[in-house]
Enquirer: 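Before anything else, here's the structure in question.
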Amino acid sequence: MDLIKVGGECLGALAEEGVEVEMITDFVQAEQLTEEMGKPGLTPKLSSRYNDFTEESGIWLFMREEGEYVVSLAARYDNIGRESMREYMMRTMDRHYPHEDGQTLLDFTHALPPGFYGRMAYIGELFVRPDRRGSRQRLRYLMMLMHSCIAAKWPVDWIYAMMRDRDVRAGFATNYGFTIQLPGVARWAQPTPEGRGDAEWLVALPEGHLSHMMHHYARSLESL
């Protein structure tokens, strides 16, 4: 019931502002929509060109206003078992961003939260049409709605994302509900892949924090 209450509140608050939210599980269609919105491309981790997504392994949320898609956000689900998340990240990033010298991600921090492995939901590809920027609260509603959708769809141990240094320092990770924020987690070979950088943060939300957060907001909807 907590997820329903929080998700419903987010949808209702956005609807009051004339915004609809649409869930799409067809990643090819979603990519076409982001291109039409003006997004220059997707990262390999959430691109159907590099992954064989199904409706069971990924979702997109789109905000639509006055008949136009204005914001997009995606998530993917992976059960990596007890594999080291550091090794997982280095292995998959080398595949996603091939480098002529053979290794793309030179290092990924050992300073990960305890138990950071298992059933992992990754959030990315947040994009706002350039002519529709400006509402942090709308983005908070959308991200909280994504957290609700992820928890309802998959039995996750962690939700995580990679964020730019300037966005975390501007408070966006906190605004989006991520309770763990770790700077400078990756070291990349040069030239650095587009969209990546050594100053990126890992932001995360463990299942226990997620459950507590949803329980709290369901009883204090005004806090959303």
Enquirer: Looking only at heavy atoms, which two atoms of Gln137 and Leu224 are closest? And how far apart?
Expert: NE2-O, 2.8 Å

Enquirer: Salt bridge (Lys or Arg N to Asp or Glu O under 4.0 Å): which pairs involve residues 173-195, sequence neighbours left out?
Expert: none

Enquirer: Please find the pair of heavy atoms, one from Gly124 and one from Leu73, that lie closest to each other, and give the distance.
Expert: O-CD1, 3.7 Å

Enquirer: Can you run down the salt bridge (Lys or Arg N to Asp or Glu O under 4.0 Å) pairs that involve residues 146-156, sequence neighbours left out, and say none if there aren't any?
Expert: none

Enquirer: Once rounded to the nearest 0.5 Å, what's the spacing between atom CD of Gln32 and atom OG of Ser48?
Expert: 9.0 Å

Enquirer: Other residues, nucleotides and ligands only: do more than 12 of their heavy atoms fall within 6.0 Å of NE2 on His216?
Expert: yes

Enquirer: Under the rule for side chain to side chain contact (heavy atoms under 4.5 Å, CB included), what residues qualify as partners of Ser211, not counting sequence neighbours?
Expert: Glu207

Enquirer: Taking side chain as C-beta onward, heavy atoms only, is Asp2 less than 4.5 Å from Arg219?
Expert: yes

Enquirer: Closest approach of Val156 and Ile159, non-hydrogen atoms and distance?
Expert: CG2-CG1, 4.4 Å

Enquirer: Mind checking whether Glu56 and Thr25 have side chains closer than 4.5 Å, heavy atoms only?
Expert: no

Enquirer: Under the side-chain hydrogen bond (donor to acceptor under 3.5 Å, both in side chains) rule, what pairs show up with a residue in residues 138-147, not counting sequence neighbours?
Expert: Glu17-Arg138, Glu65-Arg138, Arg140-Tyr217

Enquirer: Arg166: which residues meet the salt bridge (Lys or Arg N to Asp or Glu O under 4.0 Å) condition with it, sequence neighbours left out?
Expert: none

Enquirer: Could you list the residues that satisfy salt bridge (Lys or Arg N to Asp or Glu O under 4.0 Å) with Arg169, not counting sequence neighbours?
Expert: Asp165

Enquirer: Working to the nearest 0.5 angstrom, can you tell me the gap between Glu31 CD and Trp60 CH2?
Expert: 6.5 Å

Enquirer: State, yes or no, whether a side-chain contact exists between Phe27 and Thr54 at a heavy-atom distance under 4.5 Å.
Expert: no

Enquirer: Is His99 close to Pro191 at the side-chain level, that is, under 4.5 Å between some pair of heavy atoms?
Expert: yes

Enquirer: Please examine the side chains of Trp201 and Leu182, heavy atoms only from C-beta on, and report whether any two atoms are closer than 4.5 Å.
Expert: no

Enquirer: Can you check whether Trp188's main-chain N or O pairs, donor with acceptor, with Thr192's side chain at less than 3.5 Å?
Expert: no

Enquirer: Give every residue pair that meets the salt bridge (Lys or Arg N to Asp or Glu O under 4.0 Å) criterion with at least one member in residues 70-80, sequence neighbours excluded.
Expert: Arg76-Asp78

Enquirer: How far apart are the closest heavy atoms of Leu105 and Met90, and which atoms are they?
Expert: O-CE, 3.4 Å

Enquirer: Sequence neighbours excluded, which residues qualify as side chain to side chain contact (heavy atoms under 4.5 Å, CB included) partners of Pro44?
Expert: Tyr50, His96, Tyr97

Enquirer: Going by salt bridge (Lys or Arg N to Asp or Glu O under 4.0 Å), name the pairs with one or both residues in residues 106-117, residues two or more places apart or in two chains.
Expert: Arg86-Asp107

Enquirer: Let's go through Thr34 and Glu36 carefully: what are the C-alpha distance in whole Å and the side-chain angles of both, what is the deciding distance for side-chain hydrogen bond (donor to acceptor under 3.5 Å, both in side chains) to 0.1 Å, and is it a yes or a no?
Expert: CA-CA 5 Å; Thr34 63; Glu36 292 170 6; over 6 Å; no

Enquirer: Do Met146 and Ile59 come close enough that some side-chain heavy atom pair is under 4.5 Å?
Expert: yes

Enquirer: When the side chains of residues 171-179 are checked against the rest of the protein, which donor-acceptor pairs come out under 3.5 Å, sequence neighbours left out?
Expert:
{"residue": "Thr174", "atom": "OG1", "partner": "Gln181", "partner atom": "NE2", "Å": "3.1"}
{"residue": "Asn175", "atom": "ND2", "partner": "Arg136", "partner atom": "O", "Å": "3.2"}
{"residue": "Thr179", "atom": "OG1", "partner": "His209", "partner atom": "ND1", "Å": "2.6"}

Enquirer: Who pairs with Tyr117 by side chain to side chain contact (heavy atoms under 4.5 Å, CB included), at least two apart in sequence or on another chain?
Expert: Ile80, Arg82

Enquirer: Considering non-hydrogen atoms only, spot the tightest contact between Met37 and Val71 and give its length.
Expert: CE-N, 3.6 Å

Enquirer: In terms of side-chain heavy atoms, does Ser72 have a donor or acceptor partner in Glu125 at a distance below 3.5 Å?
Expert: no

Enquirer: Check each of Glu20, Glu22, Arg129 against Tyr69 using the side chain to side chain donor-acceptor pair (under 3.5 Å) test, and report the only one that passes.
Expert: Glu22

Enquirer: Are side-chain heavy atoms of Glu35 and Lys39 found at a separation under 4.5 Å?
Expert: no

Enquirer: Scan Phe116, Tyr160, Trp158 and name whichever one has a side-chain contact (heavy atoms from CB on, under 4.5 Å) with Ile180.
Expert: Trp158

Enquirer: Specify the closest pair of heavy atoms between Leu3 and Ala152, including all atoms of both residues, with the distance to one decimal.
Expert: CD1-N, 3.8 Å

Enquirer: Do any side-chain atoms of residues 4-14 form donor-acceptor pairs under 3.5 angstrom with protein atoms, and if so which ones, sequence neighbours left out?
Expert:
none

